[in-house]
Amino acid sequence: MPMKTSTRFVKAAILNLCTALVLCVLCEYLALYVFKTADASNGWIWPMFFINFVFAWCIATIIGMIPSIPEFGVNWAMKRSNPSEGAKFGALVNVPINTIYAVILCYLVGTLDACVLGGAPLIASVFGFLQNIIPVWIACYIVTFLLQGPIENLARKICDDPAPQMH
C-alpha cells in the first residue's frame with residue numbers, strides 16, 4: 001500500500017532490526033557450530049556479531065527504501081493470487097522481496113566476514129554464500145512474513161500515515 005517516505009523509512013528501520021538480528025544470530029551459529037568455519041573454542045564472537053549486525057541493518061534498511069522492490073513483489077504475487085486471499089497473497093508478495101534481501105545480505109555479510117575481516121580470498125565469499133543462503137532465506141522469510149504487517153501498522157502510527165481504505 002502507498003505510504004509516505006518517512007513511513008517507509010521507519011518501517012524499514014524497525015523491520016530490519018529484527019531481520020538483521022535473526023540473520024546475524026543464524027550466520028554466527030552456523031559458522032561456529034554447524035559448518036565450523038570459525039573457532040568456537042572461545043564461544044560466541046561478540047565483536048564480529050555487532051559488526052555484522054550494524055552492517056546488515058544498514059544494508060537492509062537501504063534495500064527497504066528502494067520503492068521498486070515492494071512493487072516487484074506485489075506484481076509477482078498478483079500473477080499468482082489476489083489481495084483478497086489475505087495471508088496467501090502476503091506470503092507470495094514476500095517471496096521475491098525476501099529473495100532480494102537474503103541474496104544481498106547473505107553475500108555481503110559473508111564477504112565482510114570472510115574477506116574483509118578474515119583476509120580470505122574473494123572466492124571464500126561465494127562458498128560461504130552457497131552454504132548459508134538456504135537457512136538465511138528461510139529464517140528471514142519467516143521473520144518478515146510474521147512481522148511485516150504489525151511493523152507497517154506501527155510505522156504508520158508513528159508517522160501519522162493512515163493506510164488507504166480498501167474498497
Under the criterion side chain to side chain contact (heavy atoms under 4.5 Å, CB included), which of I14, L17, L15 is the partner of L147?
-> L15
Please list, chain by chain and in numerical order, all residues satisfying side chain to side chain contact (heavy atoms under 4.5 Å, CB included) with N82, sequence neighbours excluded.
-> S84, E85
side-chain hydrogen bond (donor to acceptor under 3.5 Å, both in side chains) involving S6 - partner list, sequence neighbours excluded | none
With the 4.5 Å side-chain cut-off for hydrophobic clustering, are F55 and I62 part of the same group?
-> no
Does anything in residues 4-31 pair up under salt bridge (charged side-chain N to carboxylate O under 4.0 Å, His left out), and if so which pairs, sequence neighbours excluded?
-> K11-E152
Using atom types as modelled and distance alone, determine if a side-chain donor or acceptor of D161 lies under 3.5 Å from a backbone N or O of T7.
-> no
In short, P70 meets I97 closest at the heavy-atom pair CA-CD1, 3.8 Å
From CD1 (I134) to CD1 (I138), nearest 0.5 Å = 7.0 Å
Straight-line distance of F53 CZ to C27 SG, nearest 0.5 Å = 13.5 Å
Sort and list the pairs that fulfil ring-ring contact (aromatic ring centres under 6.0 Å, His included) and have at least one residue in residues 4-33, not counting sequence neighbours.
-> Y29-Y33
Report yes if some heavy atom in the side chain of P135 is under 4.5 Å from a heavy atom in the side chain of V34; otherwise report no.
-> no
Smallest separation among heavy atoms of F35 and N132, with atom names | CE1-OD1, 3.5 Å
Residue list, ring-ring contact (aromatic ring centres under 6.0 Å, His included) with F72, at least two apart or on another chain | none
Can you check whether P164 reaches M3 side chain to side chain, under 4.5 Å on heavy atoms?
-> no
Over all atoms of both residues, closest heavy-atom pair of P162 and R156 | O-NH1, 3.4 Å
For the residue pair C159 and V10, what are the closest heavy atoms and their distance?
-> SG-CG2, 3.6 Å
Main-chain N/O of G90 paired with N94 side-chain donor or acceptor, under 3.5 Å | no
Report yes if the distance between the aromatic ring centroids of Y141 and W137 is under 6.0 Å, otherwise no.
-> yes
Pairs under 3.5 angstrom only: tabulate donor-acceptor contacts from the side chains of residues 100-126 to other protein residues two or more places apart or in another chain.
from : atom 1 : to   : atom 2 : distance (Å)
Y101 : OH     : G64  : N      : 3.1
Y107 : OH     : S125 : OG     : 3.0
T111 : OG1    : Y107 : O      : 2.7
D113 : OD1    : N52  : ND2    : 3.1
D113 : OD2    : N52  : ND2    : 3.0
S125 : OG     : L122 : O      : 2.5

Taking every heavy atom of N16 against every heavy atom of A60, the minimum-distance pair comes out as ND2-O, 3.1 Å
Side chains of M78 and V74 in contact at under 4.5 Å (non-hydrogen atoms) = yes
Side chain to side chain contact (heavy atoms under 4.5 Å, CB included) between W44 and V25: does it pass, once the steps are laid out?
-> CA-CA 10 Å; W44 203 257; V25 168; 4.3 Å; yes
Should Q131 and T37 be marked as a side chain to side chain contact (heavy atoms under 4.5 Å, CB included) after you check the CA-CA gap, both sets of side-chain angles, and the distance that decides it?
-> CA-CA 11 Å; Q131 76 182 16; T37 54; 3.8 Å; yes
Once the angle between the rings of W46 and F49 is folded into 0 to 90°, is it parallel (under 30°), tilted (30 to 60°) or perpendicular (over 60°)?
-> perpendicular
Minimum heavy-atom distance between A139 and V22, given as atom pair plus value | CB-CG1, 3.8 Å
Distance, nearest 0.5 Å, that separates CD1 of I63 from OG1 of T19 = 10.0 Å
